[in-house]
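Just so we're on the same page: letters track the sequence lines, and every chain starts at 1. This structure is a prediction, so every number in the text was calculated from the model and none was measured.
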Amino acid sequence: MRFTHLFGKTLRQAPAEAETPNHQLLLRARLITQLTAGVYSYLPLGWRALLKIRQIIREEMDAAGGQEVMLPGLQPVELWEESGRRKAFGETLFVLKDRRDRELALGPTHEEVVVDLFKRLVQSYRELPIMIFQMQTKFRDEPRPRGGLMRTREFTMMDLYSFDADYEGLDVSYDKMLVAYKNSFDRCGVPTIKVLADPGTIGGADNNEFMHLTDVGEDQVLICPHCDYAANTEKASFRKRTAEAEAPLPMQEVATPGQKPIDDLVAFLGVPPWKTLKAVFYAHDRAPVFVAVRGDLEVNETKLRNALGGGELRLMDDRAVEAAGLVPGAASPTGLRGVRVVADDSVVDSPNLVGGANTPDVHHLNLNYGRDWQAEIVADIALARDGDPCPNCDTPLQMRRAIEMGHVFKLGTVYSDKLGATYLDAEGKARPVVMGCYGIGVERLLATVIEANHDEKGIIWPASVAPYQVHLVALNIEDAAVREAAEKLYDDLRAAGVDVLYDDREESPGVKFNDADLLGMPLRVTVSRRTLEKQSVELKGRREKESSLVPLADAVSTIAGRAPS
RNA sequence: CGGGGUGUAGCUCAGCCAGGUUUAGAGCGCUUGGUUUGGGACCAAGAGGUCGACAGUUCGAAUCUGUCCACCCCGACCA
C-alpha cells in the first residue's frame, strides 16, 4: 500500500476525548473513527489488524473442534421472552418494530438463537459433542459506552457454544476452550490470566474470565501471589477474621450521641470494628433490604444481588431509609418488621456485637445472632479488598486492574431447560443437552493489543496482527535514484509475498520516521541517498534501538526472511 | 438514571467572567509556489467556521438568560 493512497492520514495530536494510550493511538494512527457514542468505523489499517485477529481466533477455534457459522443479528423478541432474558437484559436490549408492528431484538448475544438452531438440527447423542462458533456484531444499549473500543454499543464478539451429552463432556469441551482462549490471546501478543468470575446475566455455574492486567482496565481482580487463586472482585472470597469465642452477654443499651459512621462509633466506644454490626440499606426491586455485615467489612453488591436471586439493586440514601421507617446510622436488625434481612456469614459467627437500636443516638451492646435477631438470608456477601487473606492459603491478596478479554461459562442445562433443547440418549430417553458458551470481544482485543504493545512514540505491533509487516520509508524521494530504488524494492517485496506499506510521500525524514513509529509496523526499511551510496538499505525493528544496513542485492530475501507473511 | 465536565476551522485550543475595532483568532494539518532534507524544516501566498441547536434579553450576543441536543469522565451493567 502506498502511503499517498492510504485512506486517512495520521494525527499529531490525540483528540481530547481519548484518555488511555490505546484509545489515543487508535485515533492518532487512524485505525478507527467514532460515529457516535460507542459506535466506531474501522479504517483500512485498523480493519487489517482486526482481520488478522479474527483469523487467529478462527484458527484456534477450528483447532479445538469448533465449526464456524453465521447467525442472525435480528432476532424475534419472543425468543428472549421464552428464555426469561428480556427482563434480565432490560434496557440494554435494543428492540425495534417491523412494518407489521412485531418486535425484533438486535442480538446482544446468541444463546437463544443457537439453542433454537440446536433444536432444529440435532436429535441424537450420536451427534454430540458439537462446538459451533461465529463472529457476529452484537448490539447492546450500554448504560455508558466508554474507553474507546473498550465498551461499545456495537461490537463483534466471537462466541462459541458447546453441546455435550453430559457434564463430563462439558468439562472436556470447557478445558479445550481454556486452551484455545489462552492460545488466541498469546498469539495476539496479549498476556492474560484466568480468574474466577461472576456469571452475570448469562447464568450457569463455573465460569472464568481471561484478564489482561493493566492500570487502564475497568475491572479489578484479586490475585494471590503465593498460590494460584485469582478472582474478579465481584466474585472474590477471602478468609474473614474469625471472632474469638465468647459466651453471649446480655444485651444493653448505650447512648452514642452523634456517632453515625461506623468509624466514629468505633472510636467513641473504644471497640474494634470487627466487634460491631454495620447496617447498609439497599432497595432490591424497590423494596428495602436490611443488609448486615461486620464493621470491618464492606458489602459486595454482586454477591448480595446473587443472594437475593438477581434483580435491581440500589443503595438507599438516608432520606429513603427514613421514608422506609428506619433509622440511618443507628439501625438495628432486632424487632424489624416488613423488611428483608440479609446477613453476611461473619456476623452470624461473631458474638456480642455493637449495633444500632433503631433509636437515634442509641446503640445496643452484645447483639447476638439467633437470640436477638435473625436474617432471612445468610451468605457470603462481603467485598474482598487489597490485602485481605487468600481463601486458600491466607497470603494477602493483591488488587490489580484488568481488562476482561474473554469469558467462558459452563452453562449446564439452564438454556436447554428453558428452551426445551433435548437429545435422545442410547436408551432413547430425552435428555437436556449440556451447554457451555465462550465469548471474546474482538475489537476490545484489538485495543488491548495496542495497550499491551506500545511506547511513547506509538504502536508496536506484534507481527501476528500487524496491518503490514514492513514499513518502507523512502527519504528524499524526489531524488530519482532513491525513487527508482524504493519503487523497485516495493514491487519486489510484494512479489515475494511481503505485506508492505510504502511511504512514497514527499515529506521530511522526521515526519516519515515519526509516522513509522506511530503506525508501528514490525520492520522499518529505509531507502535514502545515504543508503544507496553504500549500495544498501537500512533495516530497523520497531522494538530495536539500532538499525543495520543490508546490501541492496540481499534486501528482498533478508526482509522476507524477517517478515512472516 | 445520579454526579461532574466540555461543545469556537480536519486536530489541539485562546477569546466568554466585565456584550461593541472580531469583516471571529492562534498553533498544527490542508492548497499553491519556492528553499530545504536522516527524527514532526523555512519563506510567501491561500482555502477553511450557521462560535452545538432553538428561543429570549439588548440598539448590538461566540460572550448574558432559558430550554434542548451531542460528546467525555465518575458510579449502577458487560466482551
Side-chain angles (χ1 to χ4, degrees), chain A residues 8-20 23-24 27-28 30 33-39 57 88-93 108-110 135-159 181 185 197-202 209-212 218-219 232 234 282-283 301-302 305 310 312-315 317 403-409 437-448 457-458 473-479 482 506-518 524 526-531 533 538 540 547:
Chain A
K9 58 181 174 303
T10 57
L11 255 31
R12 281 206 194 180
Q13 284 170 298
E17 75 252 24
E19 292 198 333
T20 58
H23 190 190
Q24 293 183 347
L27 294 171
R28 283 190 57 209
R30 283 288 195 220
T33 199
Q34 187 182 50
L35 179 63
T36 183
V39 181
I57 296 171
F89 266 90
E91 305 234 87
T92 301
L93 192 69
T109 176
H110 282 73
M135 296 185 213
Q136 165 67 287
T137 307
K138 313 287 179 179
F139 297 91
R140 295 183 186 177
D141 197 356
E142 290 290 340
R144 183 157 83 87
R146 74 179 99 159
L149 260 27
M150 283 303 160
R151 171 164 236 83
T152 56
R153 295 193 293 173
E154 177 180 325
F155 65 100
T156 312
M157 185 157 90
M158 188 299 296
D159 44 333
Y181 268 49
F185 301 130
D198 180 77
T201 48
I202 294 275
E209 289 168 332
F210 283 84
M211 291 291 197
H212 171 69
E218 61 176 355
D219 279 275
N232 193 310
E234 293 175 347
Y282 282 91
E301 293 188 8
T302 304
R305 181 180 302 107
E312 191 203 15
L313 199 62
R314 277 198 121 124
L315 196 60
D317 58 25
I403 298 170
E404 182 183 352
M405 303 308 309
H407 201 160
V408 296
F409 304 79
C437 75
Y438 318 83
I440 295 176
V442 179
E443 291 88 3
R444 181 184 287 183
L445 176 50
L446 171 67
T448 309
K457 306 278 303 187
V473 178
L475 301 183
N476 332 107
I477 196 163
E478 65 292 336
D479 182 320
V482 171
E506 293 189 10
E507 286 287 355
S508 68
V511 169
K512 294 194 167 199
F513 286 142
N514 278 299
D515 270 343
D517 289 340
L518 171 63
R524 189 183 81 191
T526 306
V527 178
S528 69
R529 287 189 192 123
R530 194 189 284 185
T531 66
E533 277 167 18
E538 179 196 274
K540 180 181 166 298
S547 59

Kindly say whether [Y] contributes a backbone atom to a donor-acceptor pair with the side chain of [X] at under 3.5 angstrom?
| X | Y | result |
| --- | --- | --- |
| E154(A) | T137(A) | no |
| K512(A) | E507(A) | no |
| R444(A) | M150(A) | yes |
| R28(A) | A14(A) | no |
| Y181(A) | Y438(A) | yes |
| R153(A) | A37(A) | yes |
| T531(A) | S528(A) | yes |

With a 3.5 Å limit on both atom pairs, tell me what [N] is paired to, counting Watson-Crick and G-U wobble, or say none.
| N | answer |
| --- | --- |
| rA79(B) | none |
| rG2(B) | rC74(B) |
| rC11(B) | rG27(B) |
| rC16(B) | none |
| rC42(B) | rG34(B) |
| rA55(B) | rU65(B) |
| rU22(B) | none |

Measuring only the [atom1] atom in each nucleotide, how far is [N] from [M]? A whole number of Å is fine.
| N | M | atom1 | answer |
| --- | --- | --- | --- |
| rC16(B) | rG7(B) | P | 13 Å |
| rG15(B) | rA9(B) | P | 15 Å |
| rU65(B) | rA18(B) | P | 9 Å |
| rU12(B) | rA24(B) | P | 23 Å |
| rA45(B) | rC54(B) | C1' | 40 Å |
| rG5(B) | rG49(B) | P | 32 Å |
| rG56(B) | rC1(B) | C1' | 30 Å |
| rA26(B) | rG33(B) | C1' | 24 Å |

Pairwise N/O distances under 3.5 Å, protein to nucleotides 4-7 of chain B:
none

Sugar-phosphate, base or nothing in reach of A16(A), heavy atoms under 4.0 Å: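 The answer is sugar-phosphate, as A16(A) gets under 4.0 Å only of primed atoms, P, OP1 or OP2.
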
Sugar-phosphate, base or nothing in reach of G8(A), heavy atoms under 4.0 Å: nothing

Pair L475(A)-R529(A), side chain to side chain contact (heavy atoms under 4.5 Å, CB included): steps then yes or no: CA-CA 8 Å; L475(A) 301 183; R529(A) 287 189 192 123; over 6 Å; no

Residue pair E91(A) / D141(A), side-chain heavy-atom distance below 4.5 Å: no

Heavy-atom protein contacts under 4.0 Å, nucleotides 74-79 of chain B, coded B base, S sugar-phosphate only, - none: BBBBBB

Protein-to-nucleotide contact annotation, 5' to 3' order, nucleotides 30-43 of chain B [B base; S sugar-phosphate only; - none; under 4.0 Å, heavy atom]: S------BBBBS--

Plane angle bin for F409(A) and H407(A) - parallel if under 30°, tilted between 30 and 60°, otherwise perpendicular: parallel

Side chain to side chain contact (heavy atoms under 4.5 Å, CB included) assessment of N232(A) paired with M211(A): CA-CA 9 Å; N232(A) 193 310; M211(A) 291 291 197; 3.5 Å; yes

Whole angstrom value for the distance that separates P of rG29(B) from CD of Q13(A): 10 Å

Greater than 12 external heavy atoms within 6.0 Å of E478(A)'s CD: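 For E478(A), atom CD is crowded (more than 12 foreign heavy atoms under 6.0 Å).
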
Candidate pair F155(A) and L149(A), rule side chain to side chain contact (heavy atoms under 4.5 Å, CB included), full reasoning: CA-CA 8 Å; F155(A) 65 100; L149(A) 260 27; over 6 Å; no

